Amino acid sequence: MKQALYDIGQNAKTRIGFALALTVMAILIGYYTVTVGIILPVSLALIALLAVCLIVLVKYPVSGLMGSVIYCFILPIIGRESMIFIPWGIGLEIILILTLVVTFFNKHRTNWADANNDMVKLVVMWFGISVLQIANPSGASVVGWVNEIRGTALNMLLIVPLGCAVMQRKRYLDLFLYIVIAWSVIGALNGIKQLHIGLFPGEERFLLDNLGTHLIRGVIRVFSFYTDAGQFGASMSHIALVSGILAMGPFKLWKRLLLVAIGCLLFYAMMISGTRGALFVLSGGLVGLFLTKNFRVLVVGILALGMLFSFLKFTDIGQGSYQIRRLRSAVNPENDPSFIVRLNSQMKLADYLKYHPFGGGLGTIGGNGKEYNGGTFLASIEPDSYWVKVWAMYGIVGLIIWFGMNMYIMGKCCGIIWRINDPILRIKLIALISGAIGIFVASYGNEVINRTPSSILVFISWAVIYNARKWDEKSS
């Protein structure tokens, strides 16, 4: 390539021909822009950008995985503000599949041997179970099954093995953390803008379409550029926890103070989301504090969480604030009408699922249930919980397998971290597993772990922790 450019620069006839070709191309583009419209130059620019991205992807396959993380953050922005109503979510699968393909052309920066582990085998097994659900005797819609399996099993199948194969260097972990924390801060600032300044046009349309869930007694539940307020709140709590644990690491003072400030900013963003279940993401911090092997830090952390719980449970301080009232209802469920409704729904499901040990099939409950299986019993029930949703779709058999799989993987991750000797690497891994466990716990109250960006962050965290063993060995 360099030689070709050099030859162009040295040969006068070639220079003239190249200039004429560019001139003709510019004239044609200008002509067709006038006749066809702005879509032509925009399409050409996108094609050129795509070509550059493919070149980078082939050379650095990890860029595809990092690109998919960024795409998950900007996906709702594209859908809301572009006013182009196409299934943008498929873009995530396209990026992951392209990355999967190019890994086979760059064996120097990937290692598929690292994907030959028990975690990947469990993920493949879960995908197989999900595929078999298409034959569920309940007779659910195949289209609903296709839409549901993407968040339930397909993304996990694509991300976990791919993460093991391409996250080959310790610096990729740092890049992952930088991207996630930076976009979370941008999301928090946009959420604060929504509350105190106003909404973008696409955000206004989203709010008008979801007044019942996102405008409570005249107060907006902030959602930023996430899919909804529930996902925004859980994600803010997730990365606030990650930042808080990283702040305990052996880093320079200014980095630790910056991480504390970021954690506080994200915690405030979690509060203005009005998402009560997001509070329980912080429970993952207890596991993280235990993994630090520092008894004093563990005691201080337990006391801090105990004080937060006591503040919300046993006092009325700040009751005039909608955000604090909303959080307080999370630790006082007996006084929360919506919690009573959830319990009643779960009792109805229990009666139905006694005779359906393998559930009603994928896409039969929740949004896909209403759209593709309307009029059925499960479609009339709001799951209000991903644990409950798995129970309804896969039955008690599937719920036990899914729950056991998650517990095994996260328990194995904790065991790996316990044996890591590098203190800087260990604190980063502790932050990742704490956030992953917190998201898993919070999924009892909301659909979180099956939605982006939380799902992709959890799955990549698992893969990074599995790969971290060899990084620690090299450091030793």
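Heads up: numbering here begins at 1 and tracks the sequence. Note that the coordinates shown come from a computational prediction; the quantities given were computed from them, not determined experimentally.
- Annotation for K348: atom NZ does not count as buried by contact number, only 12 or fewer foreign heavy atoms lying within 6.0 Å.
- A side-chain donor-acceptor contact under 3.5 Å links N136 to the backbone of F358.
- Figure legend: cation-pi geometry between K428 and F176 absent, as NZ or CZ is not positioned both under 6.0 Å from the six-membered ring centre and within 45° of its axis.
- In this structure, the side chain of N373 engages the main chain of G363 through a donor-acceptor pair within 3.5 Å.
- Counting heavy atoms from C-beta outward, E93 and N155 have side chains that approach closer than 4.5 Å.
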Apply side-chain contact (heavy atoms from CB on, under 4.5 Å) to N450 and S455, showing your working. CA-CA 5 Å; N450 62 320; S455 59; 5.8 Å; no
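- F127 is listed as a side-chain neighbour of I149, based on a closest heavy-atom distance under 4.5 Å.
- Between I192 and L265 there is a side-chain heavy-atom pair separated by less than 4.5 Å.
- Within 6.0 Å of CZ in F290 there are 12 or fewer heavy atoms belonging to other residues, nucleotides or ligands.
- Test Y444, W402, F440, Y394 against Y386 for ring-ring contact (aromatic ring centres under 6.0 Å, His included) and you get one pass: W402.
- Remark: the backbone N or O of Q231 is not paired with any side-chain donor or acceptor of S235 at under 3.5 angstrom.
- When only modelled atom types and interatomic distance are considered, Q346 and D384 share no side-chain donor-acceptor pair under 3.5 Å.
- Residues I95 and G64 come closest through the heavy atom pair CG2-O, 3.4 Å.
- Note: W145 and Y372 fail the aromatic proximity criterion, with ring centroids not under 6.0 Å apart.
- Remark: L259 CG to C264 SG distance equals 11.0 Å, nearest 0.5 Å.
- The line from CD1 of I437 to SG of C413 is 8.5 Å long, rounded to the nearest 0.5 Å.
- Judged purely by atom type and a 3.5 angstrom limit, R205 uses its side chain to pair as donor or acceptor with the backbone of R80.
- At least one donor-acceptor pair under 3.5 Å links the side chain of K293 to the backbone N or O of W418.
- A side chain to side chain contact (heavy atoms under 4.5 Å, CB included) with S243 is found for exactly one of V180, L258, L177, I262, namely I262.
- Residue T452 comes nearest to T227 through the heavy atom pair O-CG2, 4.4 Å, listed as atom of the first residue, atom of the second, then distance.
- Taking both residues in full, the closest heavy atoms of A278 and M270 are given as CB-CG, 3.6 Å, listed atom of the first, atom of the second, then distance.
- With no hydrogens or angles considered, a side-chain donor-acceptor pair links N190 and S224 at under 3.5 Å.
- With a 4.5 Å cut-off on side-chain heavy atoms, I417 and I465 count as touching.
- At least one side-chain heavy atom of M236 sits under 4.5 Å from a side-chain heavy atom of Y226.
- Taken to the nearest 0.5 Å, the CG atom of L122 stands 9.0 Å off from the CE atom of M119.
- Contact of the L173 side chain with the N467 side chain is not registered, since no non-hydrogen atoms from C-beta on lie closer than 4.5 Å.
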Between H238 and V448, is a side-chain contact (heavy atoms from CB on, under 4.5 Å) present by the stated rule, with each step listed? CA-CA 11 Å; H238 179 185; V448 181; over 6 Å; no
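- Annotation: Y71, atom OH; neighbour count of heavy atoms from other residues, nucleotides and ligands within 6.0 Å is above 12.
- Taking CD1 of I424 as the reference point, atom CD1 of I427 lies at 10.5 Å (rounded to 0.5 Å).
- Side-chain contact between L96 and L65 is present, with at least one heavy-atom pair separated by less than 4.5 Å.
- Other residues, nucleotides and ligands contribute more than 12 heavy atoms inside 6.0 Å of the CE atom of M125.
- Between S273 and R221 the shortest heavy-atom distance is O-NE, 3.1 Å.
- For S443 (side chain) and I449 (main-chain N/O), a donor-acceptor pair under 3.5 Å exists by modelled atom type.
- Taking CD of E382 as the reference point, atom CG of L349 lies at 11.0 Å (rounded to 0.5 Å).
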Step by step, work out the side-chain contact (heavy atoms from CB on, under 4.5 Å) result for Y466 and D118. CA-CA 10 Å; Y466 263 68; D118 50 358; 3.1 Å; yes
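- When ring centroids are compared, W391 and F403 stay outside the 6.0 Å threshold.
- Under a 3.5 Å cut-off, the side chain of W126 and the backbone N or O of T152 do form a donor-acceptor pair.
- Of all the heavy atoms in F223 and E203, the pair that sits closest is CZ-O, 3.7 Å.
- Ring geometry for F459 against W462 counts as tilted: the plane angle lies between 30° and 60°, on a 0 to 90° scale.
- Within 6.0 Å of CZ on F206 lie more than 12 heavy atoms contributed by other residues, nucleotides or ligands.
- Annotation for K412: atom NZ counts as buried by contact number, over 12 foreign heavy atoms lying within 6.0 Å.
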Are D114 and Q168 close enough, and set up right, to give a side-chain contact (heavy atoms from CB on, under 4.5 Å), and what steps lead you there? CA-CA 9 Å; D114 286 339; Q168 290 297 309; 2.9 Å; yes
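- No donor-acceptor distance shorter than 3.5 angstrom exists from the side chain of T364 to the backbone of L378, with no hydrogens or angles considered.
- No donor-acceptor distance shorter than 3.5 angstrom exists from the side chain of S237 to the backbone of G233, with no hydrogens or angles considered.
- I365 and A392 make their closest contact through CD1-CB, 3.7 Å (heavy atoms, listed as atom of the first residue, atom of the second, distance).
- The distance from atom CG of L362 to atom OG of S130, rounded to the nearest 0.5 Å, is 5.5 Å.
- No donor-acceptor distance shorter than 3.5 angstrom exists from the side chain of N446 to the backbone of G230, with no hydrogens or angles considered.
- Within the 4.5 Å cutoff, side-chain heavy atoms of I430 are placed close to those of T292.
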